[in-house]
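To find a chain, count down the sequence lines: A is the first, B the second, and so on, and within it residues start at 1. Computed from a prediction, not measured in an experiment: that's the story for all the values here.
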Number of protein chains: 2
Amino acid sequence: MSGRTPEGDALTALVLPAFALNGEFLAAAAMITAPHELTPAQWQVLGAVLDGPLPVSEIARRIGLTRQSVQRVANDVAGRGWAEWSDNPRHRRAKLLVPTERGREAIGAIVVEQQEWADAVGARFTAEDLRALTELAGRVVAASRAYRNATRTGPPSGPGADPGPAAARSGA
Amino acid sequence: MSGRTPEGDALTALVLPAFALNGEFLAAAAMITAPHELTPAQWQVLGAVLDGPLPVSEIARRIGLTRQSVQRVANDVAGRGWAEWSDNPRHRRAKLLVPTERGREAIGAIVVEQQEWADAVGARFTAEDLRALTELAGRVVAASRAYRNATRTGPPSGPGADPGPAAARSGA
DNA sequence: GTCATTTTGACAGCATGCTGACATAATGAC
DNA sequence: GTCATTATGTCAGCATGCTGTCAAAATGAC
C-alpha cells in the first residue's frame, strides 16, 4: 500500500473511495428499510414487482442477481406477508410474485424516503459534480475490466447459458 | 427511480457508480488472489500480519472488521497452512497470528500483482482525476452520513465498548 | 488482595451473495 | 410425435459480514 507511482498512490485513490461509498450507501439503505421491517435485499426484490407480477428468474435478471439468491429472498418476502405467489397462466412452473397491499404500502414509503435521501445528498453537489462522479467511476470500471480481460489466463469463457451475474460479485 | 430533482436523477448518479466500482474491485481482487488459492478476505487478514504477529482483535481493528469475522478467517488461514498461532508472552489468551513462509510468499506475490493492477488502472487517469474521485467520494460519504445522523430516530448511541465496525456494513 | 470493569477469544445463528447439481417444464428442430 | 436444448425452480453448500452471548484473562480502583 505504498505510494510509489507517478500518479500518487493509485491503489489507495481507487479502492478506498469505492469501499467508503459502498459502505455508506449500504448503511443508508439499511437505515431506510429497517423501520419498515424490510431488509435492503427484500426491498429490492419487492420493488421489482411493484409494476406487475414477475417470476423469480425475471426478477433476478432485472436486479442483477442469480435466480437462487432472488428465490430465497422472494420466499422470505412471501412468507412474511409482503407478497404472494400467483399462478402463471402461461407457465405451469413459473409462479408469479405479486406484492400484497401491505407490501405495496411499505415499498411506497421506502421509495419516498430513499428519494429524500438521494435528494438531500444530491443537493450538496452540482450537476457537474454528479456527472463527473458517474463518468469517473465508469472509466475506472472500464479500465479495471480491460485489465482483467487482458490478464485472465483461462479460455475466454464459452457461451454458457446460466452464468449471468457472476464475476462482478465473486468476492464478497 | 425517476429523475425529478433539479440535479438530475441524483439516486442513479450516486448509487450506480458506487455499486459498479465496488463490484469491479471485488472481481479484480478475486482474480488476483484466486490463483494463489487465497480469497480476498484471507489475503486481507494475512496481509495484516506481514509486518509482525498480531492477535485477532488487533487485526480486526486494523482492517476494520469485527473480531468475530476476523477470527473465522484467521482460523481458516491457519488451518490451511498459511499462518500459525504462536503464544503471546504478554497475554495468555491472545495468541498471535504469524504467517508461515508459504503464506508470506503468497502474500508477497499478491501484493505485487495488486499493485500492478492499481498502476495499470491508475495510469489511465490524471493525478487530478484520482484526486477528484477521492474528493467527490469523500464528500458524498460525508453528506450521506450527515443525513443519517440528522434523520436517525433512536438515542445517539451511547458509548458502547464493542460496536466498532457496525453501521457501515450492516446491509450486505 | 479483592472485586468490578474492560478486553479478548470463542461459539451460535442470521443475512446475502455465489456456485454446483438436478429435475421438470417449455421450446424448437426434425 | 419425438427428442435435444433451453429455461426454471429448487436443494445443498460455501464465503463473508454482522450481532448476540459467554467465559476467561487482564486491568484498575479500593
Quick one: [X] [atom1] to [N] [atom2], roughly how many Å, whole number?
X: A:L65; N: D:dT10; atom1: CG; atom2: C1'; result: 17 Å
X: A:H91; N: D:dT6; atom1: NE2; atom2: P; result: 17 Å
X: B:L97; N: C:dT8; atom1: CG; atom2: P; result: 16 Å
X: B:D87; N: D:dA25; atom1: CG; atom2: P; result: 14 Å
X: A:L96; N: D:dA7; atom1: CG; atom2: P; result: 18 Å
X: B:E58; N: C:dT6; atom1: CD; atom2: C1'; result: 16 Å
X: A:N75; N: D:dT8; atom1: CG; atom2: C1'; result: 14 Å
X: B:W43; N: D:dT16; atom1: CH2; atom2: P; result: 12 Å

Within-4.5 Å side-chain heavy-atom neighbours: B:W82 and B:R104
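Not touching, per the 4.5 Å side-chain cut-off.
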Any side-chain heavy atom of B:W85 within less than 4.5 Å of one from B:L96?
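No - every pair of side-chain heavy atoms lies 4.5 Å or more apart.
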Side chain of A:V73, heavy atoms from C-beta onward: which of C:dT8, D:dT8, C:dG17 has the nearest atom to it?
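That would be C:dG17.
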Given DNA chain C, 5'-ward residue of the pair B:S57 and A:Q44, judged by closest heavy atom
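On the 5' side of the pair lies B:S57.
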When you match B:P55 and A:D76 each to their closest nucleotide on DNA chain C, which lands nearer the 5' end?
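By nearest-heavy-atom nucleotide position, the 5'-most residue is B:P55.
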Base, sugar-phosphate alone, or nothing: which one does A:T39 contact when heavy atoms must sit under 4.0 Å apart?
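Contact class for A:T39: sugar-phosphate only.
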Measure distances between side-chain N and O atoms of B:R67 and base N and O atoms of D:dG17, and say whether any donor-acceptor pair falls under 3.5 Å.
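No, no donor-acceptor pair under 3.5 Å.
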Should the side chain of A:Q68 and the base of C:dG20 be counted as holding a donor-acceptor pair, with the cut-off at 3.5 Å?
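Indeed, a donor on one side and an acceptor on the other fall under 3.5 Å apart.
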Measuring to OP1 and OP2 of [N], would you say a side-chain N or O of [X] lies under 4.0 angstrom away?
X: A:Q71; N: D:dT10; result: yes
X: B:R72; N: C:dC11; result: no
X: B:T66; N: D:dT19; result: no
X: B:K95; N: C:dA10; result: yes
X: B:S69; N: D:dT16; result: no

Give the intermediate values and the outcome of side-chain contact (heavy atoms from CB on, under 4.5 Å) for residues A:Q42 and A:E37.
CA-CA 10 Å; A:Q42 293 169 343; A:E37 294 185 300; over 6 Å; no
With side-chain hydrogen bond (donor to acceptor under 3.5 Å, both in side chains) as the criterion, how do B:E24 and A:S144 come out once you've worked through the C-alpha distance, each side chain's angles and the decisive distance to 0.1 Å?
CA-CA 7 Å; B:E24 174 57 33; A:S144 175; 2.6 Å; yes
Could you walk me through whether B:E105 and B:R102 satisfy the salt bridge (charged side-chain N to carboxylate O under 4.0 Å, His left out) test, starting with their C-alpha distance in whole Å, then the side-chain angles of each, then the deciding distance to 0.1 Å, before giving a yes or no?
CA-CA 5 Å; B:E105 285 168 9; B:R102 176 172 163 243; over 6 Å; no
